[in-house]
Protein chains: 2
Amino acid sequence: MLDLLKANIERTISQPIPEGICTAFSSLLFEKQFDKKDNLVEEGQLCKYIYFVTKGSCYSYITDEKGDSHTIQFALEGYWISDLYAFFSEKKSIYTVAALEPTKVLALNREQFQKACDTMPIFDKYFRILIQNAFVALQYRLAKTNSADAEHRYREFSQLHPDFIQRMPQYLIASYLGIKPPSLSRIRKDLANKK
Amino acid sequence: MLDLLKANIERTISQPIPEGICTAFSSLLFEKQFDKKDNLVEEGQLCKYIYFVTKGSCYSYITDEKGDSHTIQFALEGYWISDLYAFFSEKKSIYTVAALEPTKVLALNREQFQKACDTMPIFDKYFRILIQNAFVALQYRLAKTNSADAEHRYREFSQLHPDFIQRMPQYLIASYLGIKPPSLSRIRKDLANKK
DNA sequence: TCCATTACTTAACATAGGTTAATTGTGGAG
DNA sequence: CTCCACAATTAACCTATGTTAAGTAATGGA
């Protein structure tokens, strides 16, 4: 499962990395397993790790005052996930990360993350580009949240993430899109009728 | 106005930078001026630069099918702004960046950006942390957009960005919050009455 | 200083999406 | 195979915010 990570790094920075660097990096990570419904990060707790998913899937969400959950991010194999706010600031987590299936991850803690970035400049680059891409995608998602209606957002999401449509339950997709399950049902019904 | 940038870099990476590095970096930048309402980036055009604001203010927005604008980001002195999607992908811009006042910026183009990152690893670090912070803030903004009502979002925004409240017109603040000017007026009226 | 423009407010009405609750569908544990 | 718990759908009704349009207040250029 290190192959998945190595491929991810090389694709992200658009260059092959020496075997030595890869070994050095992987020595900073350790493998961890979670059952379905386990929490990888818990709201209110410190967030010690960022996780690279090698098997399974998970998602992060925020809980509002009414107790409702709002999905922030999905992660399948090959995705990083965590509460980056809490991870970098060393404050209490504001999000929860939970496994949707039995899930295997590679965990990286803050000290090792710093060490990787400080001793191997290639990792500043890797994480810079990784976050750069995530930022661009997130900005677009917010732009669409504020400028397009729910049906439009659902159609675009289906196109962009057919894999998520397959594997994630609908009530989570609804919450990712910023709507409630009955609304998503309505939208799906309308779309089915149109065809 | 290079002082502003140097201070920004040192604060971001939490370490002083040698004078030499600073000079080398600044030689990659060039100064540019815009009048009020000028576009720094135009939707549909290539986005050649990222801009560091040294004087004045600007904002980025997306235009929807109906022709309505939706504010993505504000930038005062000490902020970077651009269409990062277009800048990095070399595709046509999907956002517009416009000056709200007579504005001075330092412009950095893609080749120089690459050069800075490739030859001075400290700039990978600088931009990594910069984008990291922007990502964390953006993720929180989206989380709130999906989980809190407009009044809550406005109160939080006022607390977090009193400077924006001062300097930005209300119709742009409304659009930043994902609502229309009449709604923001209503909210402000209600808040004034509550006190 | 005055006019023209642009921003802000207000009110009446419209609507997308939320809420609730009942109903049906479904997949995993035993 | 058969429950049971949970996920998805549906329908009736509700509410926050949008829409439109008019009126008022600022602002900036001649």
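Proteins get letters first, then strands, A, B, ... in listed order; numbering begins at 1 in each. Just so we're clear, the structure is a prediction, and the values are computed from it rather than from any experiment.
With rounding to whole Å, B:K37 atom NZ is found 12 Å from D:dG29 atom C1'. Atom pair A:Y171:OH and D:dA5:P shows a separation of 16 Å (rounding to whole Å applied). For the pair B:D190 CG and D:dT17 P, the interatomic distance rounds to 10 Å; values are reported in whole Å. A:Q170 has its CD atom 11 Å from the P atom of C:dT26, to the nearest Å. Protein atom CG of B:L100 is 15 Å distant from nucleotide atom P of C:dT6, rounded to whole Å. What separates CZ of A:R188 from P of D:dA7 is a distance of 15 Å, to the nearest Å.
Considering only heavy atoms from C-beta on, A:E43 stays 4.5 Å or farther from A:Y95 through its side chain.
Under the rule for a side-chain contact (heavy atoms from CB on, under 4.5 Å), the partners of A:E151 that lie at least two apart in sequence or sit in another chain are A:D149, A:R155, A:I187, A:L191, A:K194.
With axes fitted over five pairs at each extremity, the angle between the ends of the helix from C:dT1-D:dA30 to C:dG30-D:dC1 is 50° (10° resolution).
Interatomic distance, OG1 of A:T145 versus CZ of A:R153, reported as 5.0 Å (0.5 Å rounding).
Checked against B:Y176 for a ring pair (Phe, Tyr, Trp, His ring centres under 6.0 Å), the options B:Y59, B:Y154, B:F74 give a single hit: B:F74.
Looking at B:R167 and B:E101, a side-chain N of the basic residue comes within less than 4.0 Å of a carboxylate O on the acidic one, giving a salt bridge.
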Please enumerate all protein N or O atoms sitting under 3.5 Å from an N or O of nucleotides 12-19 of chain C, with distances to 0.1 Å.
from: C:dG17; atom 1: OP1; to: A:A150; atom 2: N; distance (Å): 2.9
from: C:dG18; atom 1: OP2; to: A:K180; atom 2: N; distance (Å): 3.1
from: C:dG18; atom 1: OP2; to: A:S183; atom 2: OG; distance (Å): 2.6
from: C:dG18; atom 1: N7; to: A:R186; atom 2: NH2; distance (Å): 2.9
from: C:dG18; atom 1: O6; to: A:R186; atom 2: NH1; distance (Å): 2.9

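Between B:F113 and B:F127, the ring centre distance stays below 6.0 Å. Note: B:Y85 and B:F87 fail the aromatic proximity criterion, with ring centroids not under 6.0 Å apart.
For the 3.5 Å distance criterion, the side chains of A:R110 and A:Y49 fail to qualify, holding no donor opposite an acceptor.
In this model, the phosphate group of C:dA11 is approached by a side-chain N or O of B:K189 to a distance below 4.0 Å at OP1 or OP2.
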